[in-house]
Engineer: 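Below are the structure tokens for one structure; questions will follow.
Every chain is numbered from 1 and lettered A, B, ... according to where its sequence line falls, protein lines coming before strand lines.
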Amino acid sequence: MAFDTMIGAYIINSSKDTYTISELAQEYLNLNVKAVEELTGKGKNFTLYRDMQPDVLSKTVGIYPYVINKVSRKIDGLFKENNQEQLYYDIELPLVRALADMEYYGFKVNVNALVEFSKELQEKIDVVTKEIYTLAGEEFNINSPKQLGVILFEKLGLPVIKKTKTGYSTDAEVLDELSDRHEIVEKILEYRQLVKLKSTYAEGLLAVINPHTGKIHSSFNQTVTVTGRISSTEPNLQNIPIKLEMGRKVRKVFIPSNENYQLLDADYSQIELRVLAHITDDENMINAFLNNEDIHTSTAASVFGIPKEEVTPIMRSRAKAVNFGIVYGIGDFSLAKDLKISRKEARMYIDSYLDRYPNVKRYMHDIVEEGKEKGFVTTMFKRRRYLPELKSRNFNIRSFGERIAMNTPIQGSAADIIKIAMVKVHGELKKRKLKSRLILQVHDELIVEVFKEEKEEVEKILSEGMQNAVSLKVPLVVEVKSGNNWYETK
DNA sequence: GGGATCACGCACG
DNA sequence: TACGTACGTGATCGCG
């Protein structure tokens, strides 16, 4: 029986910080086993096994095989109790190989273009920096929120909009509000945008390009998120800019391995709202998706009680915000802030929404009750998240627990679905001995490096693999795009 | 003097 | 006072 205790324990409880053998032995066997770190040391004291005495090794990691076997059997028993065998054996375990292959294969980068991009950013930063110093009347460290706060709120006398626990807040939301009061403010925003791109993306990515492969080999972590999503580190390839055009250009440096390949980028359309429609069995929402309607326009028509043809762009954008809010476990305060409307008005939108989607209303109530009774909520594929917050006497913590209860089954089920799709696509490419490779996942999106001669075949494997990953009460719609770099796949 | 950690801000779905 | 992440920089703490 192939087993992975780390992933196994994650399926039993996704909320832990680490899943070391030592910890699992304690938790599942009531056994005290030294942590590997205690043996090897860490940081500058780190010692390799090969530099240790055999008897020291045998007294500690020597019993690991025994412990791992025992813990595995214990966890496997819990899978049976929890009905999580399919999740573990059919989804998470096969996913290990798909993720490993993604890490190993990597994503090719145009190094020269990235170096050029970095230089261009630096030139822009130099210009803006001087402008800021002139407007401030002195030089200071713009990167320091503390120093910036002194300049903005003491020297220039701008009004304090918001405070952090240590001083003045200078975040983008605050600066947006101040942008009409002094020229320096928009320069600060521009400076922040440029520095973010240069440090995190230009320099950050250059630092992790493997000199042998010319590629970026990210780590895809399978036991980090509480909802079941995967995460990406060193570097994070799941937060490459796209929203602003200047940042989006970073994507031009992500290219195929060579001229025989292209990139395919396949996105699920509105997967979380489709999952919501499925889970709640809400007739109104299901019909919107069955008719292939624009969901935000459809929501606007429902909420405002008008025909879809009469929905204005502003109405659509407000309905979109409400749809987002619903998925997060909405509150009137936050929706009001997001839409810059009154709390009362926000409350009306929410109430109207819940009237028009009555099963969504029932679901949001019931899932919180279920979370309280059972102590956890589950996804479509029995992924589980415990919610101790629901029992808290602290209102804020308890409210947070309620929002988690509403959001986790939605976000987590979407994660289940794309993982199933990944296993299918990865398996199919392998089975057919194709040269195309799955190289990245970004929560609702899969990126494949496709061998040009295989393009038609692989596009079908990808889109059908995703569409048919599961069968819901609404269709899963997938959009596939291709390009000679990641920027072009739009 | 340099490492660890916290605070802040911000990139993505 | 919206759900889930990763990470760079500055400030601070405390270490033979």
Side-chain angles (χ1 to χ4, degrees), chain A residues 14-15 42-45 140-149 162-175 188-189 191-205 207-208 218-221 224-244 246-248 250-251 267-273 276 321-339 343 346 350 377 385 389 395-412 414-415 418 440-446:
Chain A
S14 64
S15 300
K42 55 178 175 177
K44 62 183 168 67
N45 295 318
F140 64 102
N141 188 344
I142 310 167
N143 293 326
S144 163
K146 193 176 173 187
Q147 294 182 38
L148 178 62
K162 183 167 65 169
K163 303 199 94 178
T164 66
K165 67 173 77 168
T166 56
Y168 311 116
S169 171
T170 68
D171 67 18
E173 195 187 313
V174 167
L175 297 184
I188 301 290
L189 285 165
Y191 175 90
R192 286 244 176 98
Q193 193 191 345
L194 292 165
V195 166
K196 180 81 177 179
L197 288 175
K198 178 156 192 277
S199 61
T200 303
Y201 297 102
E203 289 170 350
L205 292 175
V208 291
S218 178
S219 294
F220 297 103
N221 315 300
V224 170
T225 75
V226 283
T227 57
R229 282 184 171 184
I230 60 175
S231 82
S232 160
T233 51
E234 280 184 296
N236 182 359
L237 288 185
Q238 294 179 320
N239 73 343
I240 302 302
I242 191 169
K243 290 169 184 168
L244 303 174
M246 187 166 25
R248 191 173 194 153
V250 173
R251 295 180 173 229
D267 275 68
Y268 277 118
S269 163
Q270 302 295 350
I271 188 167
E272 290 193 346
L273 289 174
L276 179 64
V322 176
N323 274 328
F324 268 100
I326 289 291
V327 168
Y328 296 152
I330 203 164
D332 55 13
F333 185 95
S334 305
L335 182 67
K337 199 171 77 150
D338 188 37
L339 289 178
R343 202 166 162 176
I350 296 167
V377 292
R385 178 176 182 182
E389 295 90 348
F395 174 82
N396 285 330
I397 296 176
R398 198 167 61 247
S399 301
F400 180 48
E402 291 168 1
R403 294 194 297 274
I404 301 174
M406 297 185 244
N407 172 266
T408 295
I410 302 168
Q411 185 182 129
I418 197 166
L440 183 60
Q441 183 250 49
V442 192
H443 310 307
D444 64 352
E445 168 188 16
L446 295 180

Engineer: Measure from CD on A:Gln147 to C1' on B:dA7 and round the result to the nearest Å.
Structural biologist: 15 Å
Engineer: Nearest whole Å is fine: how far is B:dG9 P from A:Leu189 CG?
Structural biologist: 12 Å
Engineer: Residues in side-chain hydrogen bond (donor to acceptor under 3.5 Å, both in side chains) with A:Glu234, at least two apart?
Structural biologist: none
Engineer: Ignoring backbone atoms, test whether A:Ser144 places a side-chain nitrogen or oxygen under 4.0 Å from the OP1 or OP2 oxygen of C:dA11.
Structural biologist: yes
Engineer: Mind calculating the distance between OH (A:Tyr268) and P (B:dC12) to the nearest angstrom?
Structural biologist: 23 Å
Engineer: What is the distance, to the nearest angstrom, from the CD1 atom on A:Ile240 to the P atom on B:dC10?
Structural biologist: 18 Å
Engineer: Side chain of A:Pro241, heavy atoms from C-beta onward: which of C:dG8, C:dG10, B:dA11 has the nearest atom to it?
Structural biologist: B:dA11
Engineer: In whole angstrom, give the distance that lies between atom CD of A:Gln193 and atom P of C:dG8.
Structural biologist: 18 Å
Engineer: In dot-bracket form, how is DNA chain C paired, counting a Watson-Crick or G-U wobble pair only if both its distances are under 3.5 Å and using | for bases paired to another strand?
Structural biologist: ..|||.|||||||.|.
Engineer: Between atom OH in A:Tyr201 and atom P in B:dC10, what is the gap in whole Å?
Structural biologist: 12 Å
Engineer: Taking only residues two or more places apart in sequence or in another chain, which ones pass side-chain contact (heavy atoms from CB on, under 4.5 Å) with A:Leu339?
Structural biologist: A:Arg318, A:Ala321, A:Leu335, A:Ile341, A:Tyr349
Engineer: Who passes side-chain hydrogen bond (donor to acceptor under 3.5 Å, both in side chains) against A:Thr200, sequence neighbours left out?
Structural biologist: none
Engineer: Taking only residues two or more places apart in sequence or in another chain, which ones pass side-chain contact (heavy atoms from CB on, under 4.5 Å) with A:Pro145?
Structural biologist: A:Thr170
Engineer: Roughly how far apart, to the nearest Å, are B:dA4 and C:dT5 at atom C1'?
Structural biologist: 23 Å
Engineer: Taking B:dA7 as the reference, what is the distance to C:dC3 when you measure between their C1' atoms (whole Å, please)?
Structural biologist: 22 Å
Engineer: Can you check each nucleotide of nucleotides 2-7 of chain C against protein heavy atoms at under 4.0 Å and return B for base, S for sugar-phosphate only, - for none, in 5' to 3' order?
Structural biologist: BBBSBS
Engineer: Among residues at least two apart in sequence or on other chains, which ones pass salt bridge (charged side-chain N to carboxylate O under 4.0 Å, His left out) with A:Arg385?
Structural biologist: none
Engineer: Atom CG of A:Asn141 to atom C1' of B:dG9: distance rounded to whole Å?
Structural biologist: 14 Å
Engineer: Specify the closest pair of heavy atoms between A:Ser231 and A:Gln238, including all atoms of both residues, with the distance to one decimal.
Structural biologist: CA-OE1, 3.5 Å
Engineer: Could you check if a side-chain atom of A:Leu205 sits within less than 4.5 angstrom of a side-chain atom of A:Val250, using non-hydrogen atoms only?
Structural biologist: yes
Engineer: Heavy atoms within less than 4.0 Å of DNA chain C: which residues of residues 163-174 of chain A have one? Give them sorted by number.
Structural biologist: none
Engineer: Could you tell me which residues satisfy ring pair (Phe, Tyr, Trp, His ring centres under 6.0 Å) with A:Tyr328, sequence neighbours excluded, listed by chain and number?
Structural biologist: none
Engineer: Looking at residues at least two apart in the chain, or sitting in another chain, which of them share a salt bridge (charged side-chain N to carboxylate O under 4.0 Å, His left out) with A:Arg343?
Structural biologist: A:Asp332
Engineer: Shortest non-hydrogen contact from A:Ile410 to A:Glu272?
Structural biologist: CG2-O, 3.4 Å
Engineer: Mind checking if A:Ile242 touches a base, just sugar-phosphate, or nothing, with heavy atoms under 4.0 Å?
Structural biologist: sugar-phosphate
Engineer: Once salt bridge (charged side-chain N to carboxylate O under 4.0 Å, His left out) is applied, do any residues pair with A:Asp171, and if so which ones, sequence neighbours excluded?
Structural biologist: A:Lys162
Engineer: A:Lys146: which residues meet the salt bridge (charged side-chain N to carboxylate O under 4.0 Å, His left out) condition with it, sequence neighbours left out?
Structural biologist: none
Engineer: Rounded to whole Å, how long is the line connecting atom CG of A:Leu440 with atom P of B:dG13?
Structural biologist: 11 Å
